[in-house]
2 protein chains.
Amino acid sequence: MADLSRLTVFVGVDGGATKTLAVSADAKGNVIGVGESGPSNYHVVGLDGAVKNINESIRQSLAPLKREVADVVTLGLAGMDTRHDFEVFEREAVSRILGRRVFVRHDAEIALVGATRGEPGVMVIAGTGSVAGARNRRGEYARCGGWGYVVGDEGSAYFLGREALRAVLWAYDGRGEQTVLTEKVMEALNISSPDEIMRKVYVEKMSVHEIARLAPLVTEAARNG
Amino acid sequence: MADLSRLTVFVGVDGGATKTLAVSADAKGNVIGVGESGPSNYHVVGLDGAVKNINESIRQSLAPLKREVADVVTLGLAGMDTRHDFEVFEREAVSRILGRRVFVRHDAEIALVGATRGEPGVMVIAGTGSVAGARNRRGEYARCGGWGYVVGDEGSAYFLGREALRAVLWAYDGRGEQTVLTEKVMEALNISSPDEIMRKVYVEKMSVHEIARLAPLVTEAARNG
């Protein structure tokens with residue numbers, strides 16, 4: 001067995017609003033270990049919370065080596081949306097991360113590199129939110145979208161769910177055509193009249209995820225014409 | 001002077017999320033008094049809070065008569081958006097209102113009747129939100145829109161403000177044309193790059209009213225071509 005203590009260890013971290021995943025590997029890409037911890041979107045858990053969870057996931061991924069610090073850590077973090085975010089994170093958090101060299105990236109960028117294995121390419125992610133990222137041959141990265149559920153995320157599950165609710169209300173107040181969505185949405189929300197959407201959205205304060213969960217009704221309705 | 005104690009007194013109440021206004025009058029429409037108190041949208045202040053503020057405004061409007069109870073009270077209340085809202089309010093709040101007979105209406109309906117003086121008509125209200133209401137010759141009322149900032153309020157100030165933010169981000173990430181809105185919005189928000197809209201909207205959590213306040217930038221930009 002090689003002398004693991006002298007191995008150069010790389011850790012990749014995928015940090016989101018729900019959980020953080022870390023994978024450690026050697027320079028050839030052989031996986032050494034994995035780690036998982038809580039959220040590391042600093043807008044959600046704060047800088048201290050993000051550092052704590054990132055380090056916990058790194059520690060777990062390094063456990064097979066009995067080491068506490070990686071040589072190179074690349075963080076792909078949700079919430080790194082503006083230059084300001086990078087400045088804040090790099091100034092106040094990076095020095096506390098368990099890596100000798102630490103790189104901070106937007107989570108869509110690491111997903112793109114993962115999907116293309118570093119080759120030039122374009123990736124569109126449409127989940128609860130939506131964002132597109134691209135890298136060219138010179139390694140330059142650009143993104144488009146990913147501006148969140150209030151002013152962006154066109155085509156995302158939240159966007160589709162919200163437009164489904166709007167379509168049901170338009171059919172109800174006479175501005176839109178009757179569609180199968182009315183019945184499907186009422187069934188999904190367990191309501192008996194479209195105007196009860198108001199109670200669901202504003203009184204019970206449906207979350208972004210709950211609205212996003214209506215998106216399959218739209219794709220199903222579209223599939224059935 | 002007539003015997004005021006035997007007068008039949010009508011009170012009209014306009015209750016919103018910010019304040020409640022009451023006006024008392026006799027059967028001929030002569031104004032007796034006015035009252036003003038805090039919010040009476042029950043989604044904002046609860047049923048007890050709504051009753052308390054409505055009664056306070058009624059009391060003030062009746063002060064010139066030294067009476068505590070009106071003969072007829074019509075409440076035009078914000079937040080009465082669904083059948084469920086009317087059921088809840090009529091079951092748990094109406095009996096405590098200081099009127100022998102109490103009618104509950106949506107605030108857009110009383111605004112329409114006020115604007116048309118009871119004649120048939122259509123009214124479109126476009127403020128922070130948007131709603132249209134209409135009454136025909138038989139006194140039947142119908143409304144359209146008014147479904148709130150998440151799934152409705154098309155054409156409202158919030159809607160215009162949100163679309164302005166979206167247009168600035170589209171121009172920034174390459175999906176849209178450069179327009180004068182970019183400069184105007186950055187100036188209004190006191191930011192130096194469009195991506196800082198993210199911080200304003202999601203971290204500092206711009207309110208519906210703050211986003212609505214951007215609407216004049218859109219009308220101004222449109223006026224200047």
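The basis for the numbers below is simple: all heavy atoms, side chains too, and nothing from hydrogens, waters or symmetry mates. Lettering of chains follows the sequences in order, A, B, ..., and the numbering in each one begins at 1. What you are looking at is a predicted structure, and each value in this text was computed from that prediction instead of being measured.
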Flag if over 12 foreign heavy atoms under 6.0 Å of [atom1], [X]:
X: B:N190; atom1: CG; value: no
X: B:E140; atom1: CD; value: yes
X: B:K200; atom1: NZ; value: yes
X: A:K184; atom1: NZ; value: yes
X: A:R101; atom1: CZ; value: no

Among residues 70-96 of chain B, those lying within the under-4.5 Å heavy-atom range of chain A are B:D81, B:T82, B:R83, B:H84

Taking 4.5 Å as the heavy-atom cut-off, does anything in residues 147-155 of chain B contact chain A, and if so which residues? B:W147, B:G148, B:Y149, B:V150, B:V151, B:G152, B:E154

Tell me which of these, B:E196, B:M198, B:R162, has more heavy-atom pairs under 4.5 Å with chain A than the rest. B:M198

For each of B:L169, B:I197, B:L165, tally heavy-atom pairs with chain A at distances under 4.5 Å, and name the one with the top tally. B:L169

Okay, A:Y42 and chain B: the region with an atom under 4.5 Å from a heavy atom over there is neither

Top of A:Y202, A:W170, A:Y172 for chain B proximity - count of heavy-atom pairs under 4.5 angstrom: A:Y202

Between A:G174, A:A142, A:G145, A:P194, the one whose heavy-atom pairs under 4.5 Å with chain B are most numerous: A:G145

